[in-house]
There are 4 protein chains.
Amino acid sequence: MSSSQALDPQEAARNALAQSRSRQLLDAAARLMEREGSEAVSMQALATEAGVSVGLIYRYFGNKDDVLLAVITDVLDAFSAKVPIAVAEAGEDPVRKLAAAFTAYCHVIDEHRHAAVLTYRESKSLDEEGRARIKQLEVETSQPLRDALHDGVAAGRLTAADPDLVAYNLLLLAHAWALKHWYFERTMTLERYIQAQLGLTLRGVISPKSRRSYADLLEP
Amino acid sequence: MSSSQALDPQEAARNALAQSRSRQLLDAAARLMEREGSEAVSMQALATEAGVSVGLIYRYFGNKDDVLLAVITDVLDAFSAKVPIAVAEAGEDPVRKLAAAFTAYCHVIDEHRHAAVLTYRESKSLDEEGRARIKQLEVETSQPLRDALHDGVAAGRLTAADPDLVAYNLLLLAHAWALKHWYFERTMTLERYIQAQLGLTLRGVISPKSRRSYADLLEP
Amino acid sequence: MSSSQALDPQEAARNALAQSRSRQLLDAAARLMEREGSEAVSMQALATEAGVSVGLIYRYFGNKDDVLLAVITDVLDAFSAKVPIAVAEAGEDPVRKLAAAFTAYCHVIDEHRHAAVLTYRESKSLDEEGRARIKQLEVETSQPLRDALHDGVAAGRLTAADPDLVAYNLLLLAHAWALKHWYFERTMTLERYIQAQLGLTLRGVISPKSRRSYADLLEP
Amino acid sequence: MSSSQALDPQEAARNALAQSRSRQLLDAAARLMEREGSEAVSMQALATEAGVSVGLIYRYFGNKDDVLLAVITDVLDAFSAKVPIAVAEAGEDPVRKLAAAFTAYCHVIDEHRHAAVLTYRESKSLDEEGRARIKQLEVETSQPLRDALHDGVAAGRLTAADPDLVAYNLLLLAHAWALKHWYFERTMTLERYIQAQLGLTLRGVISPKSRRSYADLLEP
DNA sequence: GATGAATGAGGGTTCATTCAT
DNA sequence: AATGAATGAACCCTCATTCAT
């Protein structure tokens, strides 16, 4: 009720504080996971890293799973923030938009590698309602990929029996950069990874007559 | 012939017991993970599920990580046991062999869904030497995919700049059936999943002149 | 002057708390060992005896061996606190100083009988660096005995081929009051024990011409 | 009844077996303690070292403490076996007999260093009746020292207000070679240790007129 | 007599969570 | 709003002891 407009200054201040505290903690969590691995995130360690007390975390998050959920959500938020922009900059061509979206996904994943892995961990609350939220967010944030694919199909540039599966696969391949980083880092850079995976996927869905137009994307 | 050398019956009995205990414990672990999630596998819970005492587990496994490693290895062993057979039954055609291999992978994953997820968890000992063993086993067990792909390329049926990446992607897609089961189960059966993913991947690597021969694999 | 530098009150309070908690735990350990023997000191038992939770112990000590080391160090600290004072009060005569030192040692041992025995137990961490620390502390705290002996030799009151061995023997005899308490308590009081042992040792090292001056120490 | 004489052959065989099993286990315990320290004696380790099964140990010993008690008793038995012989070989002189006895004690201790330390460990059953047995045995086995001292006093060679205390101290000094081995081994050999300690003790109890006769024992 | 697989209480340790200040 | 000392359930692991074979 008081959320959208006419917020009294006290509440506004409170919200701003909550916002900045969340940011502070989420950033600390990211740093911690980057430095020590995502197993090392204990509440105590998180508090120390963020420069606050343990108790304070519980003022802004209900429990540890809430924090983890927020970390994951944070990554998904980065998707919503960056992918649409990248898509918009790619112009009107749906295939170029698709490529731009995938590239942006991969870059975000690369910047949050350890947080991205979290999604694949089973934790108590993530089974109940957290799982549902993540699912929904994941679907929402993969919308740009789906849109570009559908556009491409509509425009006759792509041929895909199940565009949603292709979109999901691309998401998966972006995640795979984090999940299997120990494997890929031995043979590839991120840019090379993006190019190679994009090429493979596109070769499976591009319509024959459009091949020539996207030779740069298809030829590795 | 059946064993290594002059097996004294006492040792043989002991080995058989160890074998069956391992089986019993690994099966219990699988059941437990299936029922409560792979986070719920405490040594106490495992003992209870297997109907033995905690102490007994330590007679057959050095520590908890050894158990987890064994669970993972168990899946990988199922690969080595089943995939080569499926490939052999597929005949000589490298593309058919590839399809058979992927199908077999997916079936094994489906039968060990929760165990398969374990590989993606970071655990203490899995970072040190366990990680190395898993990597190696993963590479070994994915060999059939790689072989079929290389054969296909050599035979001119497939065109792939990086066959190893394609093989790894297929492995990933098989794992994805377990990792993202909550997503796929809403829209697909396992068989449909296999067919769809195989179609997509093949369309990206099949050589133009061979398309007609594998129309059944390519058309969903 | 009293502390190191610009003590902010918060840190000071924390230090005071840590101090008092340590005291509380070490006293509980002493009581426990007194009542149940030094084998009975489990972390749980210690927590219960001290009226705190197990977890709290780990806020003040790294692990169980740290606790045991602290218990031992505590005794050695009592030596450093009490022996020099006793020596100082004994005047200038090196033999009187020696007697005073030994008496003080025995009294401290008597007050920490069970803790004193700990030094003779082999424990995991006590082999590595703990052992080294104890050794060093033991040597340091037995310095007053050595000093008095060397002084006595220098002053011509004592004759000892190996004063350090004599000093070590006295230390041992002090410990023996704890180690063999079940034996000595049947026939002696602490005071009688001190007098008798001192007499024996002194008779072995006193120079002939000084015998008369210390008749009170030599004649039991 | 059947013990002293006329033992039926079956019982005799049983006794002999029990005897040899005990020996086998006690020797294994000694080896184990020598090699791994006296903390490392678990029932399993002991069984393995002795080349028997765990269960068998319980046929010959009631529980672990019984084994430990037997190990200790074994050392005390070695005293009764060796010390009287050494004393007998020393001739008639009570002081020489004392010296021979102490030397023999120290040698036995040196051969069973780790077992000797066991006496100073508190364990469950050692408090109850085991303690009593050990006390008694300790007193019995130190009899040669006491005898020699009393003889010496009677012969006017020694002057000691409390000969029993002197005897007990010598026992303690023999033990100290094991208890404080880490200290003494840095500066002394066993022979030097014996000579030095004997010298110190004797100087405290030898009667003035006998000093010359035992100059070899008194001068280090 | 002998085995060794099996038990399970108990030990040390960690860490999410609470609450008095 | 913020702190951090305190809690205690839960975890992994060991080892003396038992008992069916």
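Letters A, B, ... are given to chains in the order of the sequence lines, protein chains preceding strands, and every chain is numbered from 1.
Comparing F/dG4, E/dG4, F/dC12 by their nearest atom to the side chain of B/Ser42 picks out F/dC12. Proximity note for B/Leu56 (side chain, C-beta onward) versus E/dG4, E/dT7, E/dT17: the nearest is E/dT7.
No more than 12 heavy-atom neighbours from other residues, nucleotides or ligands sit within 6.0 angstrom of CD on B/Gln19.
Going from atom CZ of D/Arg133 over to atom CG of D/Leu137 covers 5.5 Å, rounded to the nearest 0.5 Å. We find the CZ-CD distance between A/Arg35 and A/Glu49 to be 4.0 Å, quoted to the nearest 0.5 Å. In this structure, CD1 in A/Ile134 is found 9.0 Å from CG in A/Leu118, a value given to the nearest 0.5 Å.
Among the protein residues, D/Tyr60 comes within range of the sugar-phosphate backbone only, with heavy atoms under 4.0 Å from sugar or phosphate atoms but none that close to a base. A/Met43 comes within contact range of at least one nucleobase, with a heavy-atom separation under 4.0 Å. Counting any heavy atom pair closer than 4.0 Å across all strands shown, B/Arg21 reaches sugar-phosphate atoms only and no base atom.
The interatomic distance linking B/Ile57 (CD1) with F/dC15 (P) rounds to 17 Å, in whole Å. Spacing between atom CG of B/Asp66 and atom P of F/dT14 amounts to 11 Å, rounded to whole angstrom units. In this entry the distance linking CG of C/Leu25 with P of F/dA6 reads 10 Å, nearest Å. Straight-line distance from the CG atom of B/Leu46 to the P atom of F/dC11: 12 Å, rounded to whole Å. Look at CG on B/Asp65: it is 13 Å from C1' on F/dC13, rounded to the nearest Å. Going from atom CG of C/Asn63 over to atom C1' of E/dG11 covers 13 Å, rounded to whole Å. With rounding to whole Å, B/Gln44 atom CD is found 16 Å from F/dA9 atom P. For the pair A/Glu39 CD and E/dT14 C1', the computed distance is 14 Å after rounding to whole Å.
The phosphate of E/dG4 (OP1 or OP2) has no side-chain N or O of D/Ser53 nearer than 4.0 angstrom. Here B/Arg59 does not reach the OP1 or OP2 of E/dA6: none of its side-chain N or O atoms lies under 4.0 Å away.
No option in A/Arg23, A/Gln24, A/Arg31 other than A/Arg23 meets the side-chain hydrogen bond (donor to acceptor under 3.5 Å, both in side chains) test with A/Asp27. For the side-chain contact (heavy atoms from CB on, under 4.5 Å) test with C/Tyr60, the passing option among C/Val52, C/Leu26, C/Leu17 is C/Leu17; the others fail.
Axis deviation across the helix from E/dA2-F/dT21 to E/dT21-F/dA2 amounts to 10°, comparing end segments of five pairs, rounded to 10 degrees.
Taking every heavy atom of both residues into account, D/Leu46 and D/Ala29 meet most closely at CD1-N, 3.5 Å.
The closest side-chain heavy-atom distance from D/Glu36 to D/Val41 is not below 4.5 Å.
When each of B/Val54 and C/Gly62 is assigned the nucleotide of DNA chain E with its nearest heavy atom, B/Val54 is the one assigned upstream, toward the 5' end. Residues B/Val41 and C/Arg14 both approach DNA chain F. Their nearest nucleotides, taken by heavy-atom distance, put C/Arg14 toward the 5′ side. If D/Tyr58 and C/Gly55 are placed on DNA chain F by their nearest nucleotide, the residue sitting closer to the 5' end is C/Gly55.
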